[in-house]
Amino acid sequence: MSTSKNNTPAAPSASAVPSSPREPRYTPAEIEPKWADLWAANPDLYGAEPASSGKPKYYVLEMLPYPSGQLHMGHVRNYAIGDALARYMWMQGYNVLHPMGWDAFGLPAENAAIKNNTPPRQWTIQNIAAMKQQMNRLGLAYDWRNEVTTCLPDYYRWNQWFFIRMFERGLAYRKKSKVNWCPECATVLANEQVIDGRCWRHEETLVEQRDLEQWFLRITNYAQELLDDLSKLDGWPEKVRTMQRNWIGRSEGAEVEFAVEDSEQADEHPSRHAGTAVLPALEGAVTLNKKIPVFTTRIDTIYGATSIQLAPEHPLVKEFAAANPRLADEVTALLEQQKKAREDGDVGAIEKHGVFTGHYAVNPFSNERLPIWVANYILLDYGTGAIMSVPAHDDRDYEFAKKYGLDIRIVVLPHRTPEGDGEKEESILPFTAENSLLINSGDYTSLGNVEAQHKMAAFAEQHGFGKATVTFRLKDWGISRQRYWGTPIPMLYCEKDGIVPVPDEQLPVLLPENVAITQQGGSPLGKLPEFVHATCPKCGGPARRETDTMDTFVDSSWYFYRYTSAKNDKAPFDSAAIDYWFPIDQYIGGVEHAILHLIYSRFWTKVMRDLGLVKNDEPVARLFTQGMVIRNGAKMSKSKGNVVSPDDMIARYGADATRAYALFAAPPDRDLDWQEDGVAGVSRFLGRVFRFVTRHADRAADGTSSQPTATSQALQRKLHQTIRKITEDFGGRWHFNTCIAAIMELVNVLTAAESQIAAGEVPSPILAAILRDLVLLLAPFAPYLACELWEQIGGQGDLLRAPWPKFDEALAREDEIEIPVQINGKLRTVIRVAAEANQDTMRDTALADEKIKAGTAGKTIVKAIVVPGKLVNLVVK
RNA sequence: GCCCGGAUGGCGAAAUCGGCAGACGCAGCGGACUUAAAAUCCGCAGACCUUAGCGGGUCGUGGGGGUUCAAGUCCCCCUCCGGGCACCA
């Protein structure tokens with residue numbers, strides 16, 4: 001684009017540009033540490049004011065890191081976004097809370113302990129120090145006065161305190177169940193931590209199923225509210241809300257009990273082939289002791305049920321198999337297939353297999369006998385682990401019935417299908433659509449399917465064999481971990497009193513330090529007799545201490561509340577501070593926590609609300625998920641060898657350039673392709689700013705007239721257009737890449753006017769104002785440079801508290817604009833008109849143009865489309 | 001299979017409401033400064049055709065259709081890439 005298009009002064013000739021060899025150089029390696037030290041020495045500088053200040057508040061939060069010892073580029077990007085926002089909001093006059101902390105419990109510390117023979121605590125604390133150093137070097141404006149470190153007793157005691165509160169209300173409970181076991185971690189994992197049958201931390205490691213007694217948190221009590229409140233979270237990405245909705249997996253339907261025929265009866269039909277047909281209704285008395293509850297979303301199709309299918313692990317299957325070795329073998333084979341499918345990460349594509357058990361159940365609606373099968377596509381842990389199979393109206397049942405020759409009976413039809421057209425009916429199978437009509441369904445025939453669902457569920461409830469019900473995919477949160485480096489679960493086991501919580505006054509249950517950590521499995525704390533042996537607070541007798549520790553996702557479920565009052569030793573936080581600061585105005589982090597951390601946090605907040613500790617229903621008002629940092633087309637990882645170290649970048653180009661590049665290279669929600677040449681480019685740009693401002697820094701003081709000139713007006717116009725653009729972007733769009741591009745454009749315009757400035761065509765007070773605003777605009781993106789230049793131009797007070805530049809519409813307005821002129825939609829020329837020119841003026845100007853005259857000569861102008869401020873398009877024939 | 005994103009020069013990208021496609025930056029090319037280099041500064045730059053040159057023309061936002069005076073943008077169909085969910089009864 002030519003500069004004249006912007007109505008800016010023509011570019012000066014090269015010789016007009018001052019190029020003094022004495023010009024100071026931009027040296028971030030000197031500037032940045034100077035300010036970093038100053039900031040580190042003044043912890044109040046970025047401190048939030050107390051709630052009592054009464055100022056409008058803004059709580060901006062970035063997800064706290066695990067202290068691995070090294071920041072990676074994903075962190076840098078995350079924090080650069082949050083820091084820019086925090087600084088901007090400060091400059092807008094808000095009382096900003098911008099805290100940071102450490103998600104400091106977890107397995108890597110134990111692994112490092114084994115490898116280096118360093119105690120986990122020492123390793124963790126060292127890493128925290130190193131990373132805090134990196135953060136300071138990056139110039140991140142955190143309020144360190146409320147730093148939270150989750151592995152310290154003053155934090156984790158409140159995990160224990162919350163746990164006991166939950167235990168008292170039945171929200172924490174112990175049960176034996178099948179759990180996910182990662183052999184690599186040597187511990188149990190929550191469902192949320194299993195991805196495609198593999199451990200979330202060990203992509204190569206298959207998760208095993210083990211039967212263990214574990215502590216669970218009753219997140220399912222909140223399933224409905226967690227689902228409902230998603231609709232309130234309109235500041236969250238739709239993608240995250242959808243992921244949570246799917247994870248919660250609400251499904252409305254009915255539970256129906258099918259009675260099992262007594263085994264003596266079944267013995268008359270031992271052959272598996274007998275299992276293919278529905279037999280006539282029972283006559284006479286049959287013993288029906290056992291019931292199979294079945295969950296279905298389509299009770300309206302129950303007359304079409306032609307078999308019962310059980311999960312291979314179903315308890316009844318075990319019973320049947322106990323009396324039938326051949327069946328036992330076949331069930332084992334089914335289990336193997338399931339396991340293999342899990343290992344292949346391809347659970348959905350497993351080939352369906354099944355086996356007839358030799359037993360029958362009774363359809364409570366039709367009294368028909370249905371063969372009971374075991375099938376590998378039935379999951380024990382969803383619904384009741386058993387289904388009624390309706391092949392005509394379910395894709396999976398249809399596939400299975402076709403394979404094994406089971407009956408297929410049509411009981412619902414589309415509203416419009418003419419009756420009796422058998423061939424046509426066959427062709428639509430399996431017919432699974434809702435909004436259908438029932439046929440062959442006893443009293444319910446010819447009802448609409450939704451109406452039938454209600455009536456049938458009501459009938460089942462009346463007769464005590466079923467009811468309408470809702471099933472969730474979400475399971476309770478298993479939090480026991482058989483590892484050392486975590487919060488001890490504050491529970492005691494007394495022979496006399498059973499499970500007893502540790503009394504509040506004995507909290508925290510301290511995590512002992514003298515523990516031998518091995519990869520053997522089994523809780524390391526169990527090997528410390530002095531830890532295990534305790535006294536029952538109820539009877540005073542001997543008790544055994546719980547030796548498992550809590551999932552570290554407990555730590556991160558409420559840490560952001562603690563930031564408001566991290567030194568409180570009487571309560572997890574000050575409720576007055578919470579009332580003021582919550583909900584979090586803006587939370588920023590990676591999308592990988594869309595389900596795990598973000599659903600646990602929502603659950604924890606609802607529990608705390610019900611405990612009367614907080615008033616908000618949700619912790620986070622607005623959520624932003626930034627894109628990944630990739631390089632050479634792949635996510636940065638050691639194994640791919642494409643990792644770029646933040647330290648290297650800072651050493652070479654400075655923290656400002658590194659941060660600004662992280663914001664400049666892509667919009668923050670998209671993946672960012674790291675290109676080192678790009679960092680160099682941003683660094684060059686910062687150098688240009690540095691030199692330009694430095695060159696003119698002393699102009700502020702001279703007292704010349706402030707009468708605007710054509711040049712100064714052009715510069716101010718560009719400046720205020722830039723202010724408008726960036727201010728609007730912070731308001732919501734967050735395209736910091738184009739914000740930085742806009743500052744680059746501004747600087748390009750300023751340096752292009754260098755010769756006019758040198759010639760005195762810009763009054764000093766105006767130039768000084770431009771420099772000041774330029775520095776302020778830069779502050780959120782390159783804080784070190786901005787501070788350095790703020791000092792040079794004699795800025796008053798701390799830059800962070802300086803008010804954000806105010807956009808002036810009058811200064812930004814263009815007098816004359818360029819209007820493209822098209823003939824039949826093709827660009828022919830560009831005309832200049834006054835910005836507020838009306839349609840007639842625009843059309844006349846266009847028609848007077850030589851190129852347009854030539855282009856329309858000998859033709860008829862059929863139509864002239866004139867859009868004020870936009871374009872002229874002449875339709876000619 | 002279902003649900004979200006995405007696809008624009010050699011590269012990262014921009015175009016906020018349907019109105020000059022490629023802002024800004026990288027890499028590249030030419031020039032200035034320099035003994036030289038670095039640094040810095042100035043300029044050129046989508047592809048193709050045409051012109052001695054000035055210039056002129058055609059094509060162009062993954063592919064195909066459509067709506068419109070006008071489409072990267074709206075509608076329909078399709079391809080590829082990334083992510084999430086998945087025998088959920």
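Per chain, numbering begins at 1; letters A, B, ... match sequence-line order. Because the structure is a prediction, the values reported are computed rather than measured.
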(message) Wobble G-U and Watson-Crick pairs count when both distances are under 3.5 Å; given that, what is the 5' to 3' dot-bracket string of RNA chain B, with | for pairing to other strands?
(response) (((((((..(((......[....))).(((((.......))))).(((((....)))))..(((((..]....))))))))))))....
(message) Any base atoms under 4.0 Å from A:Asn873, or only sugar-phosphate, or nothing? Heavy atoms, all strands.
(response) base
(message) So A:Arg25, base contact, sugar-phosphate only, or nothing? Heavy-atom distance under 4.0 Å.
(response) nothing
(request) Find out whether the Lys NZ or Arg CZ of A:Lys352 is both under 6.0 angstrom from the six-membered ring centre of A:Tyr377 and within 45° of the ring's axis. (result) yes
(request) Quickly work out the A:Phe692 CZ to B:C41 P distance and round it to whole Å. (result) 13 Å
(request) Between B:C2 and B:G28, how far apart are the C1' atoms? Round to whole Å, please. (result) 46 Å
(message) Between A:Asn748 and B:G25, is there a contact of a side-chain N or O with OP1 or OP2 at under 4.0 Å?
(response) yes
(request) Ignoring hydrogens and angles, state whether a donor on the side chain of A:Glu351 or A:Gln337 is under 3.5 Å from an acceptor on the partner side chain. (result) no
(message) Categorize A:Val867 for me: base, sugar-phosphate, or nothing, with a 4.0 angstrom heavy-atom threshold over every strand shown.
(response) base
(request) Starting at atom NZ of A:Lys725, determine the distance to atom P of B:A23, rounded to an integer number of angstrom. (result) 16 Å
(request) Name the closest nucleotide to the A:Thr242 side chain, picking from B:C3, B:C20, B:G25. (result) B:C3
(message) With the 90 degree cut-off around zero defining syn, does B:C17 come out syn or anti?
(response) syn
(request) Give the rounded distance in Å between these two atoms: CG of A:Leu380 and C1' of B:C88. (result) 13 Å
(message) OP1 or OP2 of B:A27 versus the side-chain N and O atoms of A:Arg684: is any pair under 4.0 Å?
(response) yes
(request) Nearest whole angstrom, please: distance from the P of B:G56 to the NZ of A:Lys851. (result) 5 Å
(request) Please determine if a side-chain N or O atom of A:Thr471 lies less than 4.0 Å away from the OP1 or OP2 oxygen of B:A89. (result) no
(request) Using a cut-off of strictly less than 4.0 Å, decide whether A:Arg241 has a side-chain nitrogen or oxygen near OP1 or OP2 of B:C85. (result) no
(message) So if I apply the side chain to side chain contact (heavy atoms under 4.5 Å, CB included) rule between A:Asn873 and each of A:Ile865, A:Asn824, A:Ile823, which one comes out positive?
(response) A:Ile865
(message) In this structure, how many angstroms lie between the P atom of B:C87 and the CZ atom of A:Phe295, rounded?
(response) 16 Å
(message) If the cut-off is 4.0 Å, is A:Arg691 near the phosphate of B:A39, judged by side-chain N/O to OP1 or OP2?
(response) no
(message) By nearest heavy atom, map A:Ile865 and A:Asn376 onto RNA chain B; which one lands nearer the 5' end?
(response) A:Ile865
(request) Please state the C1' separation for the pair B:G9 and B:G5 - nearest whole angstrom. (result) 24 Å
(request) For nucleotides B:G64 and B:U8, find the distance between their P atoms and express it as a whole number of Å. (result) 16 Å
(message) Taking side chain to side chain donor-acceptor pair (under 3.5 Å) as the criterion, tell me which of A:Thr722, A:Thr727, A:Asp729 meets it with A:Lys725.
(response) A:Asp729
(request) In whole angstrom, give the distance that lies between atom CD of A:Glu676 and atom C1' of B:A27. (result) 14 Å
(request) Determine the Euclidean distance between corresponding P atoms of B:U40 and B:A45; express it in Å to zero decimal places. (result) 23 Å
(request) Please work out if A:Gln822 contacts a base, only the sugar-phosphate, or nothing of the nucleic acid, heavy-atom cut-off 4.0 Å. (result) base
(request) Give, for atom CD1 of A:Ile308 and atom CG of A:Asn363, the distance between the pair rounded to the nearest 0.5 Å. (result) 7.5 Å
(request) Using a cut-off of strictly less than 4.0 Å, decide whether A:Lys826 has a side-chain nitrogen or oxygen near OP1 or OP2 of B:C59. (result) yes
(request) Look at all strands and tell whether A:Gly249 reaches a base, only sugar-phosphate, or nothing, counting heavy atoms closer than 4.0 Å. (result) nothing
(message) Between A:Glu754 and A:His696, is there a side-chain donor-acceptor contact under 3.5 Å, judged purely by atom types and distance?
(response) yes
(message) For the C1' atoms, the ones on B:U73 and on B:U16, what distance do you get once it is rounded to whole angstrom?
(response) 11 Å
(request) Consider the side chain of A:Asp677, meaning its heavy atoms from C-beta on, and name the nucleotide among B:C87, B:G19, B:C26 that approaches it most closely. (result) B:C26
(message) In whole Å, measure the gap between the P atoms of B:C41 and B:C4 for me.
(response) 48 Å
(request) Would you indicate which nucleotide in B:C88, B:C87, B:C26 comes nearest to any side-chain atom of A:Tyr377? (result) B:C87
(request) For B:G9, decide between syn and anti, treating a glycosidic angle within 90° of 0 as syn. (result) syn
(message) One pair to check against ring pair (Phe, Tyr, Trp, His ring centres under 6.0 Å): A:Phe295 and A:Phe472. What are the steps and the verdict?
(response) CA-CA 11 Å; A:Phe295 176 72; A:Phe472 291 95; over 10 Å; no
(message) With a 6.0 Å cut-off (strictly less than), is the heavy-atom count around NZ of A:Lys467, excluding the residue itself, greater than 12?
(response) no
(request) Report, as a single string ordered 5' to 3', how protein heavy atoms within less than 4.0 Å touch nucleotides 8-14 of chain B: B base, S sugar-phosphate only, - not at all. (result) ---SBSS
(message) Ignoring hydrogens, what is the shortest heavy-atom contact between A:Asp673 and A:Arg631? Give both atom names and the distance.
(response) OD1-CA, 3.8 Å
(request) Can you establish whether the number of heavy atoms outside A:Glu238 located under 6.0 Å from its atom CD is more than 12? (result) yes
(message) Quick check: on RNA chain B, is the nucleotide nearest A:Glu728 upstream (toward 5') of the one nearest A:Thr297, or the reverse? Name the residue that is more 5'.
(response) A:Glu728
(request) Using whole Å, report how far CG of A:Asp395 lies from P of B:C87. (result) 14 Å
(request) Considering only atom C1', compute the distance from B:G56 to B:G62 and round it to an integer number of Å. (result) 31 Å
(request) Kindly say whether the aromatic ring centers of A:Phe465 and A:Phe365 come within a distance under 6.0 Å. (result) yes
(message) Regarding A:Ile819, tell me which of base, sugar-phosphate or nothing describes its non-hydrogen contacts under 4.0 Å with the strands shown.
(response) nothing
(message) Please confirm whether the ring centroid of A:Phe692 lies under 6.0 Å from the ring centroid of A:Phe685.
(response) no
(message) When the P atoms of B:G83 and B:G43 are compared, how many Å lie between them, rounded to an integer?
(response) 44 Å
(request) Determine, for A:Glu399 against A:Arg396, whether the closest basic-nitrogen to carboxylate-oxygen distance falls under 4.0 angstrom. (result) no
(request) Choose from B:C87, B:C20, B:A23 the nucleotide whose nearest atom is closest to any side-chain atom of A:Val830. (result) B:C20
(message) Can you measure A:Lys239 atom NZ to B:G83 atom P for me and round it to whole angstrom units?
(response) 10 Å
